[in-house]
A.B. asks: 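Below is the structure I would like to discuss, written out as structure tokens.
Sequence lines set the chain letters: A, B, ... in the order given, protein chains first and strands last, and positions in each chain run from 1.
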2 protein chains.
Amino acid sequence: MTVMQTTPADTARTAPADICSAPPRRHPRADGQDSYTISEVVAFTGLTAHTLRWYERIGLMPHVDRSHTGQRRYSNRDLDWLDFVTKLRLTGMPVADMVRYAELVREGESTYGERRELLESTRRDVLNRIAELRDTLAVLDRKISFYAMEGTTR
Amino acid sequence: MTVMQTTPADTARTAPADICSAPPRRHPRADGQDSYTISEVVAFTGLTAHTLRWYERIGLMPHVDRSHTGQRRYSNRDLDWLDFVTKLRLTGMPVADMVRYAELVREGESTYGERRELLESTRRDVLNRIAELRDTLAVLDRKISFYAMEGTTR
DNA sequence: TATGGGGTTGGAGTGCACTCCAAGCAAGCG
DNA sequence: CGCTTGCTTGGAGTGCACTCCAACCCCATA
């Protein structure tokens, strides 16, 4: 790893972010060869380059490193983080809250408790959303079956 | 119904909207006595007066009637409609699509087919959302259990 | 050496869904 | 009568999450 010459300390500082979200995802390239351009990340994540740069500006990314010419080079860890962030996004969590979580990650292990609380409250939100959606589903099904009945002739 | 002196034709034009969403909801006042001010509707629905007026402006309401002084008087039917609209909203359906649906309702029975299609596509969206949320839930649970393990000492 | 395709920046612009404002009217009350 | 409360309007403003722009740099290929 030419670009990836991080010291153990470095790794320890940035690692806790995704320690437990890896299992169900395969990276495009193995650790050690993981150095993706912004457009590769666009292809993998579905986010736009604009959004990726914007995420970085607002402090939602854990410091993406750069090529010798100053271009962004994303790692597997960054991909995992983006994956997680994307999941949080679609729970409806506001970006500001995700930035808060990113800050906690940067602050290190001492924030485990607060992070857990944040995730648990998010978890509750998700369960509520699911319940609401089920409810809506029931309403939709009732209406659909009405239209299916009345609309067979047309 | 004093206020509700609609002709049969009138009823036919506006009724199909909610024909099949009544069951699980009780109205604050019985049909015939149903004439709510905007602030009552605010209390019942949780929407703001601003939003209620705005919904009307953009064509999302099926013509709310007025008192002799020009104030809005909502009916039970309007409450049902708002209920339905609120459910659609939290599926993430854009307001423009709901306006489209409202237009179809105004156009009468001939649009049953199109309405059903719209609802069915919404239904698919809801199922997808639920699946995504489940996925997210799994990720959250993994992370939470990690923090629970590591964080017990703090 | 020119050209094309990628990348960079700060700051401005966009679209959605509200949300608010100012100015005004009508009814009820002391 | 004056005051408050609640409602009316069109149009302007807000906040969020992007999204785009102009101007620039760097490098590989023809």
A.B. asks: Could you tell me which non-hydrogen atom of B:L79 sits nearest to which non-hydrogen atom of B:P28, and how far apart they are?
C.D. replies: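 Distance-wise, the nearest heavy atoms are CD2-CD, 3.8 Å.
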A.B. asks: Ignoring hydrogens and geometry beyond distance, is a side-chain donor-acceptor pair present between B:S75 and B:D78 at under 3.5 Å?
C.D. replies: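 Yes - a donor-acceptor pair under 3.5 Å links their side chains.
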A.B. asks: Pairs under 3.5 angstrom only: tabulate donor-acceptor contacts from the side chains of residues 128-136 of chain B to other protein residues two or more places apart or in another chain.
C.D. replies:
from   : atom 1 : to     : atom 2 : distance (Å)
B:R129 : NH1    : A:L90  : O      : 3.3
B:R129 : NH1    : B:E132 : OE1    : 3.1
B:R129 : NH2    : A:L90  : O      : 3.1
B:D135 : OD2    : A:K87  : NZ     : 3.3
B:T136 : OG1    : B:E132 : O      : 3.0

A.B. asks: For each nucleotide in nucleotides 1-17 of chain D, reading 5' to 3', give B when a protein heavy atom comes within less than 4.0 Å of its base, S when such contact involves only the sugar-phosphate, and - otherwise.
C.D. replies: ------SBBBB-----S
A.B. asks: Could you walk me through whether A:R116 and A:E120 pass the salt bridge (charged side-chain N to carboxylate O under 4.0 Å, His left out) check?
C.D. replies: CA-CA 6 Å; A:R116 205 190 66 221; A:E120 278 174 353; 3.6 Å; yes
A.B. asks: Run the salt-bridge test on A:E107 and A:R115 with the 4.0 Å N-O cut-off and return the result as yes or no.
C.D. replies: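 No, this pair does not count.
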A.B. asks: Find out whether B:F84 and A:K143 are in side-chain contact, i.e. whether some heavy atom of one side chain is under 4.5 Å from a heavy atom of the other.
C.D. replies: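 B:F84 vs A:K143: side chains touch.
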A.B. asks: Using residues 53-64 of chain A as the side-chain source, report each donor-acceptor pair under 3.5 Å to any protein atom, sequence neighbours left out, with the distance given to one decimal.
C.D. replies:
from  : atom 1 : to    : atom 2 : distance (Å)
A:E56 : OE1    : A:R72 : NE     : 2.7
A:E56 : OE2    : A:R66 : NH2    : 3.3

A.B. asks: Considering residues at least two apart in sequence or located in another chain, which fulfil the side chain to side chain contact (heavy atoms under 4.5 Å, CB included) criterion with A:E40?
C.D. replies: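 Applying side chain to side chain contact (heavy atoms under 4.5 Å, CB included) to A:E40 gives A:R29, A:Y36, A:T37, A:F44.
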A.B. asks: Closest approach of A:L82 and A:T86, non-hydrogen atoms and distance?
C.D. replies: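 Reported closest heavy-atom pair: O-OG1, 2.7 Å.
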A.B. asks: Rounding to 10 degrees, work out the angle separating the end axes of the helix from C:dT1-D:dA30 to C:dG30-D:dC1 (five pairs an end).
C.D. replies: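 One end's axis against the other's: 20°.
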A.B. asks: How close do A:T111 and A:L104 get, heavy atom to heavy atom, and via which atoms?
C.D. replies: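 In terms of heavy atoms, the two residues are closest at OG1-O, 2.7 Å.
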A.B. asks: Please state how far atom CD1 in B:I58 lies from atom P in C:dC18, giving the value in whole angstrom units.
C.D. replies: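 Rounded to whole Å, this separation is 8 Å.
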A.B. asks: Restricting both atoms to N or O, compile the protein contacts to nucleotides 21-23 of chain C shorter than 3.5 Å, with distance only.
C.D. replies:
none

